[in-house]
Number of protein chains: 2
Amino acid sequence: MSNSKLYKGSLSTIILKLLAENNKMYGYEITQKVKELTQGELTITEGALYPALHKLEADGFLEVEMQRVDNRLRKYYKLTQAGNQEKVSRIEELERFIETIQGIVNPKPSLG
Amino acid sequence: MSNSKLYKGSLSTIILKLLAENNKMYGYEITQKVKELTQGELTITEGALYPALHKLEADGFLEVEMQRVDNRLRKYYKLTQAGNQEKVSRIEELERFIETIQGIVNPKPSLG
DNA sequence: TTCTTATGCATAAAAAACTTAGGTATTATA
DNA sequence: TATAATACCTAAGTTTTTTATGCATAAGAA
């Protein structure tokens, strides 16, 4: 993706989350959805997206279904059962990460 | 650092933030402070920390002051003026990133 | 007294995750 | 008829990290 270095590491979590909410999506659709959801703040590059999808599939978290639309090929991805589990733990991890970061950036003054 | 891939990219922002709040710190102190602030959730590795400090210094964001304590050498870092500016924009970027991520992970249902 | 842990710095090789820059092909639009 | 949008892909290069070292002093345990 473009934008900042901060996004590193969160791409596959984002993919898992979107697939959990939309049942099945194809790559290009994911890039557009992310742009829409983030009002253009986050743009996933294809060079990042496709390898990430392939890795998630290789890890058994996604399954593929091809579909031809307007004579163009779409590769629809959906979560496997393992993928759904993985999504849960990745989201938890992401939320813990955000809390941890908040604890540094926005530290609560100690009560002592 | 150890932990997860999510921390990628946020290390130098964390360093800048800590230096802004503590005036001057040395490397080892930073690792301990981060452990403390995050209750052990985040552990900065030295292999990540020192190169990051050197890069921030090379970029003109940090200045160094050596000090000998108990016959051990400490390298104290403090923000330059440019470093303080950089800290402000990095923190803004980090907060925007968190909001963006929240927008994906915890999307508000549209009112339409 | 000697080994381990803690303190304090550092770098180099490898891995991981990206960006950048290409490539192919179809359809819609200017 | 050229460009943009849709739809997939990969390879080279960059950046940032982990892992694995190395050196040195001080403190504490065996």
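So you know, we letter chains A, B, ... as the sequences are listed, proteins then strands, and number each from 1.
In terms of phosphate contacts, A:Tyr50 brings no side-chain nitrogen or oxygen within less than 4.0 Å of OP1 or OP2 of D:dC9. OP1 and OP2 of D:dT17 both lie 4.0 Å or more from every side-chain N or O belonging to B:Lys5. Phosphate contact (OP1/OP2 of C:dG8, side-chain N/O of B:Tyr26, threshold under 4.0 Å): present. Listed pair B:His54 / C:dT11 meets the phosphate criterion, a side-chain N or O lying under 4.0 Å from OP1 or OP2.
Within a 6.0 Å sphere centred on CD of B:Gln85, other residues, nucleotides and ligands contribute 12 heavy atoms or fewer. Other residues, nucleotides and ligands contribute more than 12 heavy atoms inside 6.0 Å of the CD atom of B:Gln67. Atom NZ of A:Lys78 has 12 or fewer neighbouring heavy atoms from other residues, nucleotides or ligands inside a 6.0 Å radius.
Judged by distance alone, with hydrogens and angles left aside, the side-chain atoms of B:Thr38 form no donor-acceptor pair with the main-chain N or O of A:Thr100 at under 3.5 Å.
A:Leu94 and B:Leu6 get closest at one heavy-atom pair: CA-CD1, 3.7 Å.
Screening A:Glu86, A:Glu92, A:Glu93 against A:Arg90 for a side-chain hydrogen bond (donor to acceptor under 3.5 Å, both in side chains) leaves a single residue, A:Glu86.
Using a 4.5 Å cut-off between side-chain heavy atoms of Ile, Leu, Val, Met, Phe, Trp and Tyr, with links allowed through other members, B:Val88 and B:Ile15 fall into different hydrophobic clusters. Cluster membership for B:Val69 and B:Ile30, using ILVMFWY side-chain heavy atoms within less than 4.5 angstrom, is not shared.
Checking D:dC8, C:dA16, C:dC9 against every side-chain atom of A:Glu46, the shortest atom distance belongs to D:dC8.
Straight-line distance from the NZ atom of A:Lys8 to the C1' atom of C:dT20: 12 Å, rounded to whole Å. Rounded to whole Å, the distance from CG on A:Leu11 to P on D:dT15 is 20 Å. What separates CG of B:Leu49 from P of C:dT11 is a distance of 12 Å, to the nearest Å. Rounded to whole angstrom, the span from the CG atom of B:Leu6 across to the C1' atom of D:dT17 amounts to 13 Å. Rounded to a whole Å, the CD1 atom of B:Ile30 is 13 Å from the P atom of C:dG8. Between the CG atom of A:Leu56 and the P atom of C:dA17 there is a distance of 10 Å, rounded to whole Å. One interatomic measurement links the two molecules: CG of A:Leu53 to P of C:dC18, which rounds to 12 Å at whole-angstrom precision. At whole-Å resolution of the value, CD1 in A:Ile14 and P in C:dA17 are 14 Å apart.
Within 4.0 Å (heavy atoms only), B:Glu29 reaches no atom of the nucleic acid at all.
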Report, one pair per line, the protein and nucleotides 25-29 of chain D atoms (nitrogen or oxygen only) whose separation is under 3.5 Å.
from   : atom 1 : to      : atom 2 : distance (Å)
D:dT25 : O2     : B:Arg72 : NE     : 3.0
D:dA26 : OP1    : B:Asp70 : O      : 3.2
D:dA26 : O4'    : B:Arg72 : NH2    : 2.9

Please write out each protein N/O paired with an N/O of nucleotides 12-14 of chain C under 3.5 Å, distance rounded to 0.1 Å.
none

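Between A:Ile101 and B:Thr13 the shortest side-chain heavy-atom distance does not fall below 4.5 Å.
Each of B:Lys75 and B:Gln32 lies near DNA chain C, and the nucleotide nearest B:Gln32 is the one positioned closer to the 5' end.
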For residues 19-27 of chain A, dump all side-chain donor-acceptor pairs below 3.5 Å to protein atoms at least two apart in sequence or in another chain.
from    : atom 1 : to      : atom 2 : distance (Å)
A:Glu21 : OE2    : A:Lys17 : NZ     : 3.3
A:Asn22 : ND2    : A:Leu18 : O      : 2.8
A:Tyr26 : OH     : A:Arg74 : NE     : 3.4
A:Tyr26 : OH     : A:Arg74 : NH2    : 3.3

